[in-house]
Amino acid sequence: MAQAQKITPRAKDYSEWYNDVIMQAELADYSPVRGCMVIRPHGYRIWELMQRALDDMFRATGHQNAYFPLFIPMSFLAKEAEHVEGFAKEVALVTHTRLKATGKAGAQAVAVDPESALEEPLVVRPTSETIIYAMFAKWIQSYRDLPLLMNQWCNIVRWELRTRLFLRTTEFLWQEGHTAHATEAEAEAEARQMLAVYRQFQEEWMAMPVITGRKTDSEKFAGALRTYALEALMQDRKALQAGTSHNLGQNFARAFNVQYQTAAGGLEYVWNTSWGVTTRMIGGLVMTHSDDNGLVAPPKLAPIQVVIVPIWKSEEEKGQVLGVGGKVKDELAKAGIRVELDSRDSLKPGAKYFEWEAKGVPVRLEIGPRDVAAGQVMTARRGGGKAPAKLDGLTTSIPGALDEIQATLFQAAKDRREAHSIRGATKARFLEFMKGGGGFAYGGFCGSPSCEAEIKQETAATVRVLPDPEFRSAEAPRTCMWCNKPSIA
RNA sequence: CGGGACGUAGCGCAGUCCGGUAGCGCACCUGAAUGGGGUUCAGGGGGUCGCGGGUUCAAAUCCCGCCGUCCCGACCA
């Protein structure tokens, strides 16, 4: 275990607090490569739990996993005009395939062999639309081949200027779904369906409330017709884009010649969608729930849901409490609970409490000689509250407690978000709101890029999402809060 | 690339103004006691003071150059 030092309070420096929580929960570490991150076992376990839940949801909606290459020929990026513009500034390139010894010492002992230059450089995928649709073109012949519903779990590289653990790293892990459909309506339905899947996952599993909607043109995915996104409010009152789903129209189908023959015999371009969520969600999880004692993990995604801390003085007591602790562990594990028995002899119980709290374990069971005698354990919840519990009822009381914690975390996050939200914002109220720290402001917006840019310039606020007109309620504002022209949202 | 700060042990830092044996806290190793909310005592290991040059009897400290990192902006899942 690394040094468990006091975590910087959230109120003092949010970025520092965020880094402290991650380091002390042992979720990740900085790597020797600038901008890259090492995900440690505790953090990776969260990702595995996320993967498993999402995979089930993807499969239930008819999608299959596949894997496409890491390298993309540079010319592929050039085929879709907006796409290349969007990613040109942040790609890593492979240009050579060999090194050679120079005979010099130290760092100069090897150099790039100029004779090994590739005829066409390879791009390390910043996203896989191009290479996937190049394959789709081979696989799709007839309307009978549609819809084609695929997903891949992989790593991608975007050479970002500034990086932050989990939120924006040079290399990151994600999932990217790619589909091809016969009609625009089908593609639109797919893009929205996957947005709904993400919402369900983020609210039910991550206990992170989100708002969804369409992105403005300035924030839409490079090459998409429409981009939908999920937005969550973090504890520093800043928005986090937690996932996106794009209706790509026929842009990539035309660029990669993905055509199918219709039942009537004609030739048509397919309609594509792509959608993805990333390890950024782990950052979102940290910023949504954690406190000044460290990580708070929602039970459904907690790598360890229950930790048992035995307490003893003599060797005799040690044997007793470890015996009971071992039995409790086996029973809970058999009931499907992720449980750990901390039998280390090198730390006092109090030190163990702090350590497991920093790692976000939702429930702690303390078992000492007094508990063994009384046939009970002390239960302590991560959010506070200690109570004794009967030994023989644990397999029902613990799952109940975990469900309750999950629900409480979601409600608390929602309450926090609403405490920093205003509805029906006017320009004056909005300016005042932003001066007071901001949050989510709901208001009318005309949709013009100039208003959007002005708002950003003057208040540092960004337009996060536009609700669809069809979801627009009767009391929705009719005019732009900034310029008073008719509102589109 | 523009603005600011900083580089001294694994981490966090003091020492720099005013040159004179490289220090503190945490972590790590050994031993003993301790054990229901960060345990104590004793002993121990670990540093080309970012790099290069200059001044000086003597440089972490003064001077010059370079490199790197972090924070704020532009970019972004």
Side-chain angles (χ1 to χ4, degrees), chain A residues 1-8 13-16 18-20 23-24 29-30 32 34-35 85-91 106-107 126-127 155-176 198 215 218-222 227-232 239-246 274-284 293-294 309-315 317-318 321 342-358 364-374 376-380 384 386 388 453 456-457 460 462:
Chain A
M1 175 72 191
Q3 65 285 6
Q5 283 171 8
K6 269 230 158 83
I7 291 171
T8 306
D13 182 333
Y14 195 82
S15 294
E16 215 175 303
Y18 174 76
N19 281 334
D20 285 353
M23 299 301 266
Q24 286 178 35
D29 203 350
Y30 297 101
R34 191 205 153 271
E85 206 178 307
F87 287 104
K89 297 159 290 180
E90 54 176 17
V91 292
T127 179
N155 59 335
I156 65 177
V157 167
R158 294 181 188 174
W159 216 263
E160 302 288 354
L161 300 172
R162 258 183 85 207
T163 59
R164 288 193 66 196
L165 291 173
F166 287 113
L167 301 179
R168 199 189 305 104
T169 47
T170 300
E171 178 188 5
F172 57 93
L173 303 181
W174 79 345
Q175 146 285 305
E176 50 179 324
Y198 288 153
K215 281 289 188 188
S218 73
E219 301 220 4
K220 139 195 121 160
F221 176 74
T227 289
Y228 297 99
L230 303 102
E231 299 281 342
L240 183 80
Q241 182 173 314
T244 48
S245 180
H246 317 288
S274 71
W275 26 274
V277 291
T278 78
T279 37
R280 172 183 278 185
M281 289 192 297
I282 297 175
N293 291 323
V309 178
I311 297 152
W312 69 77
K313 289 189 187 121
S314 63
E315 279 301 305
E317 285 174 349
K318 180 178 175 181
V321 296
D342 187 353
S343 55
R344 287 175 297 176
D345 203 356
S346 53
L347 290 175
K348 285 181 71 170
K352 292 181 181 177
Y353 300 165
F354 278 91
E355 190 176 311
W356 292 114
E357 271 165 22
R364 180 179 72 236
L365 301 182
E366 304 166 12
I367 305 181
R370 296 206 294 269
D371 301 301
V372 173
Q376 65 170 39
V377 299
M378 280 304 285
T379 68
K386 264 197 190 190
K456 194 169 179 180
Q457 178 97 47
T462 48

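In this text, all values refer to a predicted model and were calculated from it rather than measured experimentally. In the text below, chain A, chain B and the rest are named by the order of the sequence lines, each starting its count at 1.
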With A:Tyr353 via side chain to side chain donor-acceptor pair (under 3.5 Å) - residues at least two apart: A:Glu366

Suppose we screen for side chain to side chain donor-acceptor pair (under 3.5 Å). Which residues come up paired with A:Gln241, at least two apart in sequence or across chains?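 Partners of A:Gln241 by the side chain to side chain donor-acceptor pair (under 3.5 Å) criterion, ordered by chain and then number, come out as A:Lys215.
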
May I ask which nucleotide in the shown strands pairs with [N], Watson-Crick or G-U wobble, both distances under 3.5 Å?
N	result
B:G7	B:C67
B:U61	none
B:A14	none
B:G47	none
B:U39	B:A33
B:A74	none

If you look at every strand shown and take non-hydrogen atoms under 4.0 Å, does [X] touch a base, only sugar-phosphate, or nothing?
X	value
A:Lys456	sugar-phosphate
A:Glu357	base
A:Thr169	base
A:Gly276	nothing
A:Leu167	base
A:Met378	base
A:Arg364	base

Counting heavy atoms from C-beta on, name the nucleotide in [options] closest to the side chain of [X].
X	options	value
A:Glu160	B:C76, B:G37, B:G36	B:C76
A:Asp371	B:G36, B:G35, B:C75	B:G36
A:Leu161	B:C75, B:G36, B:C76	B:C75
A:Asp345	B:G35, B:A74, B:A77	B:G35

Spacing between [X] atom [atom1] and [N] atom [atom2], to the nearest angstrom:
X	N	atom1	atom2	answer
A:Asp20	B:C70	CG	C1'	14 Å
A:Leu365	B:G36	CG	C1'	14 Å
A:Gln175	B:A77	CD	C1'	11 Å
A:Gln241	B:C76	CD	P	10 Å
A:Arg164	B:G73	CZ	C1'	15 Å
A:Glu315	B:G35	CD	P	13 Å

Step through the shown structure and confirm whether more than 12 heavy atoms of other residues, nucleotides or ligands are within 6.0 Å of CH2 on A:Trp174. yes

Residues in ring-ring contact (aromatic ring centres under 6.0 Å, His included) contact with A:Phe221, at least two apart in sequence or another chain: A:His83, A:Phe87, A:His246

Is the phosphate of B:C1 approached by A:Lys89 (side-chain N or O, under 4.0 Å from OP1 or OP2)? no

Aromatic-base stack, A:Phe354 on B:G38, cutoff 5.5 Å, angle under 30: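 One would call A:Phe354 stacked on the B:G38 base.
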
Would you say whether A:Phe172 stacks on B:A77? The test is a distance between ring centres of less than 5.5 Å and an angle between planes of less than 30°. yes

Dump the intermediate steps for salt bridge (Lys or Arg N to Asp or Glu O under 4.0 Å) on A:Glu171 and A:Arg158, then the final yes or no. CA-CA 6 Å; A:Glu171 178 188 5; A:Arg158 294 181 188 174; over 6 Å; no

The criterion is salt bridge (Lys or Arg N to Asp or Glu O under 4.0 Å); which residues satisfy it with A:Asp342, sequence neighbours excluded?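 A:Asp342 satisfies salt bridge (Lys or Arg N to Asp or Glu O under 4.0 Å) with A:Arg344, A:Lys352 only.
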
With sequence neighbours excluded, what pairs up with A:Lys318 under the salt bridge (Lys or Arg N to Asp or Glu O under 4.0 Å) test? A:Asp345

Protein N or O to nucleotides 39-45 of chain B N or O, pairs below 3.5 Å:
residue : atom : partner  : partner atom : Å
B:U39   : O4'  : A:Lys348 : NZ           : 3.4

Donor-acceptor pair between A:Thr8 and A:Asp20 side chains, under 3.5 angstrom: yes

To check you understand the geometry: which heavy-atom pair defines the closest contact between A:Pro369 and A:Ile311, and what is its length? CD-O, 3.2 Å

